[in-house]
Every structure is written in C-alpha cells, then in structure tokens.
Amino acid sequence: MKKLLATAAVAAMTFMPLTAAADVESDEPIIIVQNNWTSQLVLSYVVGKVLENMGYTVEYAPSDSQLQFQAMADNDMDFQVEAWEGSMKDAFEKAVENGMVDAGTHDAATREEWWIPAYVLETCPDATDWQGLDACAEQFATAETKPKGRFVGPPADWGKNYADRVKSLEMDFEAINVGQAATLWAELQSAYDRKEPIVLFNWTPNFIESKFEGVFVDFPEPEPACFEDASWGPNPNATGDCGAPHSGWLKKAASPRFEETWPGAWSVVQRINFSNAQIADASLLVDVDGMEPEEAADKWMEDNADVIAGWTSGS
Ligand code: TMO
C-alpha cells in the first residue's frame, strides 16, 4: 500500500508544472488584493494560481480601491495587479511615499471616463465633448434628476467624486452613483435596448467595447494645476475642472516585504505585463460568457499559456 502511494505521488509530480517546487523562500501567504470589477478579479486569480503552481501560499483579500494602497505600504496586503491612473493616482502615489512599492507599469493604455452609446450622437451630435454633452443635458434627465441630466456614476469607492467635477464645470448634470459595476451595465443594457439617451461611467480595456458601440466624452486633460490653481481650465473660479487622462497608466503595486520575503515570486510579478486585449478578454469571460471569476482565470491561463511561460521562465 505504501509503495502504491509513493508511486502515485511520483506519477502526480510528473504532471505538475515544471516550476512546482516545495522549496519556496517562505510559506507565509502572499496576500493578493481583490477589488470589485471583473478584469481585476480574474487577473488576481491568474496571478495567485501562477504563484501557487510555483509552490507559494496565496490568500486573497478584498479591499477598497483607495485604501488598498496604504494597506500594502503597511505590509497588510502584498500585491495588486491593476492600479488605474484615472481613479487611483493620488492614493497610489501617496502610498509610494509611505513605502508601498511601484511594481511596474503594464503596456495597456487605460481610460476611465464618461461614456455614451453611439446612438446618443443622433440626438446630441456634439456629445463627444463635455460642452456639447452639457448642451443636451435635459435629454438625460430622469424623474430623479430633472431638469438636470443624470450621469450614471461609479460605486463611491472608485475614488472620484463626479459631483465635484459637475460642480467645477458648472454642468447641468447630477451624478448618481451606482452601488456596484453590474448596475452600470444593467442601466446601459436597458437604455440601449430602447435607444434612450444615457451617459455613464465606463473604462477601457473592458468587455464593453466588444458588445456596445460608443465613445468616451472628452473633458480637459488633467494637469496638476487643474487641482491646485483655480485659474487653470474652463472655470477660472474652481479647481477640479478637468477630466481623467485620455491615455492613462496601469500599474502593479506591492508591499515592501514582498521582494525580501518571496524573491522568486517577486521576479515573476515584475514580469507580468498586460496588454489591452488581455485585460478586455479577462472581463469578457465573465461579463459576456457568464463564467465565475475563478473559472475565467483558468480559461484565461489556458488561452495565454505562452504569456505565463514568459513570466515564470528565468525565475
Ligand atoms: C477602476 N476601474 C477600472 C473600475 O475604473
């Protein structure tokens, strides 16, 4: 019986990934941060599974997209795979000053901004620009907001207060935040089906671009002066009269203890580098194909085996 078990163990090991090894530097769990949008959840599992296949112990911890950075600076959490410039720049940079590690920038170019379906341009032709959109604000009014237009805003923990931007730009809109991402897409689907005007928070890369035709609304590009100097921007009397970057960064973040505690894992996470298509695919598997995030991670890993081999080789 003992011999049989030993044989089975050897056989099982033969089929384990080449990188599997019991001799990792530490068995202490690497705590991977999870947020509340789809690509982040899927890709967190991808990173976790890759590290587990190498023999590391991984735990997942949900966190607020703003508070997570200080938690990493404090070594309470260890890794975040998707930090977005448009919504997280300030919290990210503040945490770096406090010891959090900037673990590198992905190739992906990102945008997080007000977005309209293409049919909106039939009734509001200049809505690709914030002033053109504002001129048609009443088309977007609901019983709750009329005569102002409704901007369907993101969950409050995604960092930006769009009510402030509306005020700074003196727009005829009211920002109504949803509680979770799924509500954004439900609102979009229901408006889309009836071709009703809607303007909502959206981002790229995301599954939306493969399912709905639409465009981002251009606001003034942000510069530090927008938030410090009232005279900057379209409203000479207010700060915050600008939008999110039209092409923003996407970064990884890590705890200061990461590199010294798990050097092998560190060299892998440093090599992780997502393209726009890879991130959009991760969200598509869940939001269009209906998979659970963890199941989607397995499928993503299957589809991107060569990408993962690139991260793990040389470690
Ligand atoms: C942080 N997000 C990608 C949802 O804008």
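Counting convention: from 1, in listed order, for ligands and their atoms alike. Note that these values count all heavy atoms, side chains included, but never hydrogens, waters or copies made by symmetry. Each residue takes its place number in the sequence, starting with 1.
Taking 4.0 Å as the cut-off between side-chain N and carboxylate O, R257 and E28 count as a salt-bridged pair. Between D303 and K299 there is a salt bridge, since at least one side-chain N of the basic residue sits less than 4.0 Å from a carboxylate O of the acidic one.
The side chain to side chain donor-acceptor pair (under 3.5 Å) pairs that include a residue from residues 225-235 are E223-W232, D229-S231, where partners are two or more places apart or lie in different chains. Within the structure, the side chain to side chain donor-acceptor pair (under 3.5 Å) test picks out the following pairs touching residues 201-219 (sequence neighbours left out): R111-D218, N202-N206, T204-E209.
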Atom pairs, nitrogen or oxygen, ligand 1 to protein, under 3.5 angstrom:
unit_1   : atom_1 : unit_2 : atom_2 : d
ligand 1 : 2 (N)  : E112   : OE2    : 3.3
ligand 1 : 5 (O)  : E112   : OE2    : 2.6

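Residues forming a side chain to side chain contact (heavy atoms under 4.5 Å, CB included) with D164 (at least two apart in sequence, or on another chain): N161.
Outside the 6.0 Å centre-distance limit, the rings of F151 and W130 are not counted as a close aromatic pair.
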